[in-house]
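See below for the structure under consideration.
Naming: A, B, ... by sequence-line order, numbering from 1 per chain. Atoms considered below: every heavy atom in the structure, side chains included; atoms not considered: hydrogens, waters and symmetry mates. Quick caveat: nothing in here was measured; it's all calculated off a predicted structure.
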2 protein chains.
Amino acid sequence: MERLLLRIDREIIAAGGKRSKSRAAVMERFFRAGDHVTVDELTRAVRKTFPRVGTVTVYRTLKLLARMGYANEVDFGEGARRYESNLDSHHDHLVCTACGTVIEFKDPDIEKLQDLVTRRHGFRPTAHRLEIFGLCRKCADRSAGRRQG
Amino acid sequence: MERLLLRIDREIIAAGGKRSKSRAAVMERFFRAGDHVTVDELTRAVRKTFPRVGTVTVYRTLKLLARMGYANEVDFGEGARRYESNLDSHHDHLVCTACGTVIEFKDPDIEKLQDLVTRRHGFRPTAHRLEIFGLCRKCADRSAGRRQG
DNA sequence: CCAGAAATTGAAATTCACTTTCATGTTATC
DNA sequence: GATAACATGAAAGTGAATTTCAATTTCTGG
């Protein structure tokens, strides 16, 4: 973690940038969060220990991380986009439309079939996103319970 | 087509709505378009034969069609959402990031695997979307050509 | 340690897609 | 054809994301 932040900082400096405390605070909170955060959520979190940080800096830092490949922009159709760390390997999402829970999953078989499909169309894939919307176990149980009793 | 528009009109009237020429024009252009249109694109198209139509009406009509199940909102990450007719069965998208071409595809095997994944998580799916980004055959060939000679 | 150059910051202004408002125009009904 | 309800569209309003710009911070090299 400390190591990661140092590495990113070094990369930024190599590209002609300079260190900054605000950005460091944003990055640390972001990677510590672990899940999918909106700019607004992350701003509030950072402000707990760094009240002076502006929304703009959070926007800029996340865009920067995305450009550098350390973060991904994701969109669950809520109106505001979310960012997730890109340190783990690729995964897709189950999004509960009732409670908002997001479950990550990996499925190499689906990926393989996707490769087949793209090949069939002479398409060279660079990225993909798969989101499945529905009810998580808890919400499904609740609605089933209501229906049956 | 004529038949479809009549049917939709009848449904609207059954729900307490009234007929309208603007809306009819929007719907006809929309279903005739066949592909994924933005509100802006569709507005411009409708105005060719119906100059007085406002953007708002296009927004409202597409939202209405989506609510009635005749259209789907899709998002290729361009900033503006697109609408596609929902008359054909479900399909997913290959989006070329170079030229913007969108290829539709269906893959029952992928769907089956998706069902397996959701079941494994006790998740009850209601919808999903799969977008694969990359280079279409033409753009891939072009960049391959450049690379090899 | 200091001065100057360059990047970073954040409040405010701006943009852009989308939605809401509301006075006016249309449509259906009696 | 009067009237009640719906549809329309211009303009105003939202809200997320971006840009602007003066002030601040960071780095470099005397």
Side-chain angles (χ1 to χ4, degrees), chain A residues 5-6 8-30 36-47 49-68 71-83, chain B residues 5-6 8-30 36-47 49-68 71-83:
Chain A
L5 296 183
L6 279 175
I8 296 178
D9 254 7
R10 240 177 282 135
E11 235 178 280
I12 291 174
I13 288 160
K18 292 179 179 174
R19 250 173 275 274
S20 124
K21 310 205 182 212
S22 307
R23 193 170 54 206
V26 173
M27 292 198 299
E28 201 198 317
R29 275 280 178 179
F30 172 65
H36 322 79
V37 295
T38 62
V39 168
D40 218 57
E41 287 167 4
L42 188 57
T43 304
R44 272 198 293 276
V46 175
R47 279 184 177 156
T49 57
F50 212 106
R52 325 186 41 200
V53 79
T55 325
V56 198
T57 297
V58 181
Y59 269 106
R60 279 193 278 235
T61 303
L62 290 177
K63 264 264 179 281
L64 180 66
L65 288 177
R67 239 179 301 141
M68 294 172 71
N72 284 325
E73 303 186 336
V74 293
D75 171 19
F76 298 146
E78 305 162 296
R81 67 173 163 246
R82 290 180 176 273
Y83 285 85
Chain B
L5 296 183
L6 280 176
I8 295 178
D9 254 7
R10 240 177 279 134
E11 236 178 279
I12 291 174
I13 287 160
K18 292 181 178 172
R19 250 173 274 276
S20 126
K21 310 204 183 216
S22 308
R23 193 170 54 206
V26 173
M27 291 197 301
E28 200 199 317
R29 275 281 177 179
F30 173 64
H36 322 80
V37 294
T38 62
V39 168
D40 217 56
E41 287 167 5
L42 188 56
T43 304
R44 272 198 293 275
V46 175
R47 279 186 177 155
T49 58
F50 213 104
R52 324 185 43 198
V53 79
T55 325
V56 198
T57 298
V58 181
Y59 270 107
R60 279 193 277 234
T61 303
L62 290 177
K63 264 263 180 284
L64 180 66
L65 288 176
R67 242 180 298 141
M68 294 173 70
N72 285 325
E73 303 186 336
V74 293
D75 171 19
F76 298 146
E78 305 161 297
R81 69 174 163 247
R82 290 180 176 273
Y83 285 86

*asked:* What's the closest nucleotide to the side chain of A/V56 if the choices are D/dA5, C/dA5, C/dG10?
replied: C/dG10
*Describe the nucleic acid contact of B/R81 in one word from base, sugar-phosphate, nothing, applying a heavy-atom distance below 4.0 Å.*
sugar-phosphate
*asked:* Restricting to non-hydrogen atoms, name the atom on A/D9 and the atom on A/R19 that form the minimum distance, rounded to 0.1 Å.
replied: OD2-CG, 3.3 Å
*Please check the phosphate of D/dT25 (OP1 and OP2 only) for any side-chain N or O of A/S20 closer than 4.0 Å.*
no
_B/S22 side chain, from C-beta outward: closest of D/dG9, D/dT19, C/dA28_ = D/dG9
*Whole-Å distance between C/dT27 C1' and B/R10 CZ?*
18 Å
*Round to a whole Å and report the spacing from NZ of A/K63 to P of C/dG10.*
18 Å
*Give B/V53 one of three labels, base, sugar-phosphate or nothing, depending on what nucleic acid heavy atoms sit under 4.0 Å from its own.*
sugar-phosphate
_Side chain to side chain, A/Y83 and A/E41, heavy atoms closer than 4.5 Å_ = no
*Protein-nucleotide distance (A/L62, atom CG; C/dT9, atom P), rounded to Å*: 12 Å
*Are any of A/T57's side-chain N or O atoms less than 4.0 Å away from OP1 or OP2 of C/dT8?*
no
*asked:* Tell me whether the side-chain N/O atoms of B/Y59 come closer than 4.0 Å to OP1 or OP2 in C/dC18.
replied: yes
*Is there a donor N/O on one and an acceptor N/O on the other, under 3.5 Å, for the side chain of B/K18 and the base of D/dA7?*
no
*Ignoring backbone atoms, establish whether B/K21 has a side-chain N or O less than 4.0 Å from OP1 or OP2 of C/dG25.*
no
*Residue of the set A/L5, A/V46, A/L62 for which side-chain contact (heavy atoms from CB on, under 4.5 Å) holds with A/M27*: A/L5
*Could you check how far CG of B/D75 sits from P of D/dA16, rounded to whole Å?*
16 Å
_Of A/L65, A/V58, A/I12, the residue whose pairing with A/R23 passes side-chain contact (heavy atoms from CB on, under 4.5 Å)_ = A/I12
*Looking at B/T55, does any N or O in its side chain come under 4.0 Å of the phosphate oxygens OP1/OP2 on D/dG9?*
no
*Send over the distance from B/I13 CD1 to D/dA5 C1', rounded to a whole Å.*
14 Å
_How many whole angstroms separate atom CD of A/E78 from atom P of D/dT14?_
22 Å
*asked:* Taking only side-chain N and O atoms of B/R19, does any of them lie within less than 4.0 angstrom of OP1 or OP2 on C/dT26?
replied: no
*Enter the distance from B/D40:CG to B/R82:CZ here, rounded to the nearest 0.5 Å.*
10.0 Å
*asked:* Please report the interatomic distance CD(A/E73) to CZ(A/R67), rounded to the nearest 0.5 Å.
replied: 10.0 Å
_Taking the nucleotide of DNA chain C with the nearest heavy atom to each, does B/Y83 or B/G17 sit closer to the 5' end?_
B/Y83
*Rounded to the nearest angstrom, tell me the gap between atom CZ in A/R60 and atom C1' in D/dT24.*
13 Å
*Please state how far atom CZ in B/R23 lies from atom P in D/dG9, giving the value in whole angstrom units.*
12 Å
*Give a yes or no on whether a donor-acceptor pair under 3.5 Å exists between the nucleobase atoms of C/dG25, that is its base, and the side chain of B/R52.*
no
